[in-house]
Protein chains: 2
Amino acid sequence: MGTSLKPANIEMPAPPRPNPGPDPRPMPDPNHADCRGVASVLSRVGDKWSVFVIMMLSDGPKRFNELKRMINGISQRMLTLTLRGLERDGLVTRTIFPTIPPRVDYELTELGHGLSRPVEALGKWAKDHLDRIEAARTKFDQRNEG
Amino acid sequence: MGTSLKPANIEMPAPPRPNPGPDPRPMPDPNHADCRGVASVLSRVGDKWSVFVIMMLSDGPKRFNELKRMINGISQRMLTLTLRGLERDGLVTRTIFPTIPPRVDYELTELGHGLSRPVEALGKWAKDHLDRIEAARTKFDQRNEG
DNA sequence: CAGCATCCGTGAAGATACTG
DNA sequence: CAGTATCTTCACGGATGCTG
């Protein structure tokens, strides 16, 4: 199917872009291969439970139920899965003390602490601009709903 | 169901925590109310498509299909939803040019540009430590699978 | 206390087709 | 070109019960 290739009515001159030059952009990393991997790391950050756990652990090791209490709303299942994920990524260590009852401490690794910095920066930004974002949301919802 | 409250075998003295003091931690923000809102912002960052779009838009406005091409793998539906979400949060603007064929430009707002900075910091961290993380993953998987 | 196994409901995401 | 609408799928997450 030709899908019409009429030379008429094609690409409009419509809006004069401020930047029509020959690609003068910095483009820090056009490498598509990296994106995949980076995305997997970012998705971990996007996981709200992971972020909370990292936050909670940023000031020292914690026990399982200690974390569960602090986060307040997470199910045991999710906490387990979250911790496993973080452990898998080398972001937290899991230390078992063979006492009775058993005790397990979770602690951020060097890598985990490193991650906590940009995450906290992001969290700070989020906190600082939260009101503006929520305002935008309300406004948008009103427009779209009224 | 007493679940046993024998004074014996209770809380162990097991591991001498380096920090058993009366909570000398900084605790930047114990406010639980904020967490909810912050989480909603973080979840947006965690959404891989949102991050990609923000990245793509960080160097100037783009059209719908332009973004679709650049991201390569996103469905039209997801791109639409992602852009709607970003627009709702006041992170991107949507400008319609009533030409034929129609043209819509998406551009980061001031807020969106502000967000792109910590996001890129996070992306940089992810890229820098990607190999270490992937190594940890492989190692973990081997342990758990072998 | 810490954690796994299981079941099940919800909704997020892809594919496809149609409209302005 | 830039969407909307619909259908289907399936992974995420909660609840529950059991083990070491």
Side-chain angles (χ1 to χ4, degrees), chain A residues 1 3-15 39-40 43-44 46-50 52-53 61-88 92-107 144, chain B residues 1-15 39-40 43-44 46-50 52-53 61-87 92-107 144:
Chain A
M1 297 74 170
T3 323
S4 86
L5 48 123
K6 321 170 191 175
N9 95 1
I10 39 171
E11 286 304 321
M12 67 284 93
S40 70
S43 71
R44 191 153 292 296
D47 181 22
K48 81 174 172 180
W49 297 132
S50 293
F52 279 130
V53 169
K62 301 271 179 297
R63 299 176 56 170
F64 186 87
N65 275 356
E66 207 170 350
L67 286 169
K68 187 152 178 279
R69 273 177 199 289
M70 295 177 84
I71 295 184
N72 197 5
I74 191 173
S75 64
Q76 140 270 78
R77 180 186 141 88
M78 277 303 101
L79 183 52
T80 300
L81 290 179
T82 301
L83 287 169
R84 282 288 178 282
L86 294 172
E87 189 192 356
R88 190 174 101 103
V92 309
T93 56
R94 180 166 174 269
T95 310
I96 307 175
F97 300 106
T99 56
I100 296 180
R103 163 173 187 166
V104 180
D105 270 22
Y106 291 93
E107 184 171 13
N144 204 305
Chain B
M1 317 70 169
T3 324
S4 84
L5 48 121
K6 321 170 191 174
N9 94 3
I10 39 172
E11 285 307 319
M12 65 289 89
S40 71
S43 70
R44 193 153 291 297
D47 181 22
K48 80 175 174 180
W49 297 132
S50 293
F52 279 131
V53 170
K62 300 271 179 300
R63 300 177 57 168
F64 185 88
N65 275 355
E66 206 169 351
L67 286 170
K68 187 151 177 280
R69 273 176 199 289
M70 295 178 82
I71 295 184
N72 196 6
I74 191 172
S75 64
Q76 133 272 77
R77 179 187 141 89
M78 277 302 99
L79 183 53
T80 300
L81 290 179
T82 300
L83 288 168
R84 283 286 179 282
L86 293 172
E87 188 192 357
V92 310
T93 57
R94 180 166 174 270
T95 310
I96 307 175
F97 301 105
T99 55
I100 296 181
R103 164 174 185 166
V104 180
D105 269 22
Y106 292 92
E107 185 172 13
N144 204 305

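Note on naming: letters A, B, ... go to the chains in the order of the sequence lines (proteins, then strands), and numbering restarts at 1 for each one.
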Output the rounded distance in Å from CZ (A/Arg77) to C1' (C/dC4). 10 Å
Identify the heavy atoms of A/Phe64 and A/Leu79 that sit nearest to each other, and give their distance. O-CD2, 3.5 Å
Whole-Å distance, A/Lys62 NZ to C/dC1 P, equals 17 Å
Please determine, for the side chain of A/Gln76, which listed nucleotide (D/dG14, D/dA2, C/dA5) has the closest atom? C/dA5
Is the phosphate of C/dG3, meaning OP1 or OP2, less than 4.0 Å from a side-chain N or O of A/Arg94? yes
Given atom CD1 of A/Ile74 and atom P of D/dC12, what is their separation to the nearest angstrom? 15 Å
For A/Tyr106 and C/dG3, is the shortest distance between a side-chain N/O and OP1 or OP2 below 4.0 Å? yes
Any side-chain heavy atom of A/Phe52 within less than 4.5 Å of one from A/Leu67? no
With a 4.5 Å heavy-atom cut-off, do A/Leu86 and A/Ser50 have their side chains touching? yes
Considering only D/dC1, C/dG14, D/dG20, which nucleotide approaches the side chain of B/Pro102 most closely? D/dC1
In whole Å, what is the span from the CD atom of B/Glu87 to the C1' atom of D/dG3? 13 Å
Rounded to the nearest Å, what distance is computed from the CG atom of residue A/Leu81 to the P atom of nucleotide D/dC12? 9 Å
Specify the separation, in whole Å, of atom CE of B/Met78 and atom C1' of C/dA12. 7 Å
Could you state the atom-to-atom distance from CZ of B/Arg84 to P of D/dA5 in whole Å? 11 Å
Here the pair of heavy atoms bringing B/Pro102 nearest to B/Arg63 is O-NH2, 3.9 Å
Separation of atom CZ in A/Arg44 from atom C1' in D/dC12, rounded to whole Å: 14 Å
A/Arg63, nearest nucleotide to its side chain (from C/dC1, D/dG14, D/dC1): C/dC1
